[in-house]
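These notes concern the structure reproduced below.
Whatever order the structure lists ligands and atoms in, that order sets their numbers, starting from 1.
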Amino acid sequence: MTSSAQRAVPRRPTPQPPTPFLILKIGGSLVSDKAASDNIDHAAVAAYARQVADLARSRPGRMALVVGGGSIGHGAVRELDPCDPFAALVLTRATFDVKWIWTRELRRLGIRALPLQLAAACVLSRGRPVFADTAVTRLLEVGGLPVLSGDSLLDDSGRLQVFGSDWVTGVMLQHSAGPLRIAALTDVPGVLRGGPSGAETIADLSPDDLGIARRHLWDSGAWETSGAMGGKLDALATWARQGAECFILRGDPDAGDLDFLFRPRDEWPAGLPHTRIAPAQAADPAAAPQEIR
Ligand SMILES: Nc1ncnc2c1ncn2[C@@H]1O[C@H](COP(=O)(O)OP(=O)(O)OP(=O)(O)O)[C@@H](O)[C@H]1O
Ligand SMILES: [Mg+2]
């Protein structure tokens, strides 16, 4: 007879981290030549929309899409009349066009995609976005895919402010019950060392110490209105300080399955370059209110 001490001790299953809610941003630089005017590459949109559709189908209600404005968005806000408090309204129209282009593709692929005008659900209060999540929550509950973009948002004084797509990635944080992950796909594999032809990305950044990354930033063309990689770092570091795990990685229209974006980083495809910005320990999203602009 086997004594209780000899009996095999049942192995405790290793606790799996909860699957994060994913905010996937597809950068304008992947589908648009920002130096040209009103430019969008419909074939590229179609290719990325297929990747988004696969993800949305396999994880219904577990992700939102944020689309960069590209040349259409940047072109709209390049010359705004500072005397007109509603000058930024042009961005609402421009980015709605962009959202619609993406939504049309996603609908063609059978996805319940709904473009949401951020200004209808979000204002800036002391510089911080305050987001009403009723419509997004309902949409996610029915397995739909919110399609968001940069927009012009009303501030405390009644002025419309440009609110770029990198900032949009964090608006749902205040309502997020579980872990929230932001993946920003762009035309570089992360924050590069050694200039535009550099081959090495900075793999990990603390949101409280971006100095090393800033030293490696280079200037962008005059067409750029949101600070390129510098603007992205500011936005993602802000959301990381409030608890989001943020990644910058290169988009590829021919990439296969992007499902790894939902999984812990140590399960990602080997050797995939990226930059991760996350606090050493997950923070309480409600604990770190701060001005973002
Ligand atoms: N050190 C750096 N590492 C990587 N990219 C950098 C660096 N410094 C500047 N950049 C620029 O940042 C760009 C990526 O930011 P950009 O805002 O253009 O991307 P996007 O998110 O795809 O576009 P959008 O903001 O229009 O949606 C790169 O194409 C590169 O030119
Ligand atoms: Mg940008």
Side-chain angles (χ1 to χ4, degrees), residues 23-41 44-45 47-49 51-52 64-78 91 94-99 101-102 118 147-152 162-171 182-205 209-239 246-253 255 258 272-277 292-293:
I23 309 285
L24 179 65
K25 184 202 160 182
I26 305 214
S29 61
L30 290 171
V31 296
S32 168
D33 174 2
K34 285 190 259 178
S37 66
D38 282 343
N39 173 270
I40 192 149
D41 177 345
V45 171
Y48 286 109
Q51 296 174 6
V52 174
L65 176 67
V66 176
V67 293
S71 118
I72 299 177
H74 287 253
V77 296
R78 206 160 288 138
L91 183 61
T95 52
F96 200 87
D97 287 347
V98 176
K99 286 193 288 282
I101 290 167
W102 280 94
L118 191 65
V147 179
L148 297 159
S149 70
D151 202 349
S152 58
V162 170
F163 192 73
S165 52
D166 289 322
W167 290 101
V168 176
T169 59
V171 295
I182 296 170
L185 304 189
T186 182
D187 63 345
V188 285
V191 182
L192 289 166
R193 298 174 193 267
S197 55
E200 190 197 338
T201 57
I202 302 175
D204 286 279
L205 283 171
D209 184 10
L210 298 179
I212 177 153
R214 291 200 197 286
R215 282 196 289 283
H216 289 281
L217 296 180
W218 60 83
D219 285 341
S220 306
W223 61 85
E224 175 58 53
T225 62
S226 62
M229 186 55 77
K232 202 179 300 303
L233 284 172
D234 289 340
L236 297 187
T238 299
W239 303 139
C246 305
F247 292 93
I248 302 168
L249 56 171
R250 192 197 288 282
D252 173 359
L258 293 185
L272 183 76
H274 61 268
T275 296
R276 176 179 184 263
I277 311 168
I292 62 153
R293 291 169 72 82

For this session: Report yes if some heavy atom in the side chain of M229 is under 4.5 Å from a heavy atom in the side chain of I248; otherwise report no.
Result: yes

Exercise. Side-chain contact, heavy-atom cut-off 4.5 Å: I23 with W239?
Worked result: no

Exercise. Do L192 and ligand 1 have an N or O pair less than 3.5 Å apart?
Worked result: yes

Exercise. Of the protein's non-hydrogen atoms, which lies at the shortest distance from atom 22 (O) of ligand 1, and what is that distance?
Worked result: S29 OG, 2.4 Å

Exercise. Hey, is G190 one of the residues with a heavy atom under 4.0 angstrom from ligand 1?
Worked result: yes

Exercise. Should W167 and D234 count as side-chain neighbours, where that means a heavy-atom distance under 4.5 Å?
Worked result: yes

Exercise. Is a side-chain N or O of D151 found less than 3.5 angstrom from the main chain of L118, in a donor-acceptor match?
Worked result: yes

Problem set entry | Residues in side chain to side chain contact (heavy atoms under 4.5 Å, CB included) contact with N39, at least two apart in sequence or another chain | S32, D33, A36, S71

Exercise. Quick one: which ligand 1 atoms are inside 4.0 Å of a heavy atom on G68?
Worked result: 27 (O)

For this session: Find all atoms of ligand 1 within a distance of less than 4.0 Å from any non-hydrogen atom belonging to H216, and give their numbers and elements.
Result: 1 (N), 2 (C)

For this session: State whether the shortest distance between N or O atoms of M229 and N or O atoms of ligand 1 falls below 3.5 angstrom.
Result: yes

Problem set entry | Heavy atom of the protein closest to atom 8 (N) of ligand 1 (residue, atom name, distance) | W218 N, 3.1 Å

Problem set entry | Those atoms of ligand 1 less than 4.0 Å from some heavy atom in D187 | 14 (C), 28 (C), 29 (O)

Using atom types as modelled, flag every donor-acceptor pair under 3.5 Å from a side chain in residues 184-200 to any protein atom, sequence neighbours excluded.
{"from": "T186", "atom 1": "OG1", "to": "S29", "atom 2": "OG", "distance (Å)": "3.3"}
{"from": "R193", "atom 1": "NE", "to": "E200", "atom 2": "OE2", "distance (Å)": "3.1"}

Problem set entry | Any H74 heavy atom less than 4.0 Å from ligand 1 | yes

Exercise. Any side-chain heavy atom of D97 sitting closer than 4.5 Å to one from I40?
Worked result: no

Problem set entry | Plane angle bin for Y48 and W102 - parallel if under 30°, tilted between 30 and 60°, otherwise perpendicular | tilted

Exercise. Based purely on interatomic distance, does K232 place a nitrogen or oxygen under 3.5 Å from a nitrogen or oxygen of ligand 1?
Worked result: yes

Problem set entry | Closest non-hydrogen atom pair between S149 and V66, with its separation | CA-CG1, 4.5 Å

For this session: Ignoring angles and geometry beyond distance, decide whether S220 reaches within less than 3.5 Å of ligand 1 through its nitrogen or oxygen atoms.
Result: no

Exercise. Going by the atom numbers of ligand 1, which of them fall below 4.0 Å from some non-hydrogen atom of K25?
Worked result: 21 (O), 24 (P), 25 (O), 27 (O)

For this session: Please determine if G28 has a nitrogen or oxygen closer than 3.5 Å to a nitrogen or oxygen of ligand 1.
Result: yes

For this session: Quick one: look at K34 and ligand 1, take heavy-atom pairs under 4.0 Å, and tell me if it's side chain, backbone, both or neither.
Result: side chain

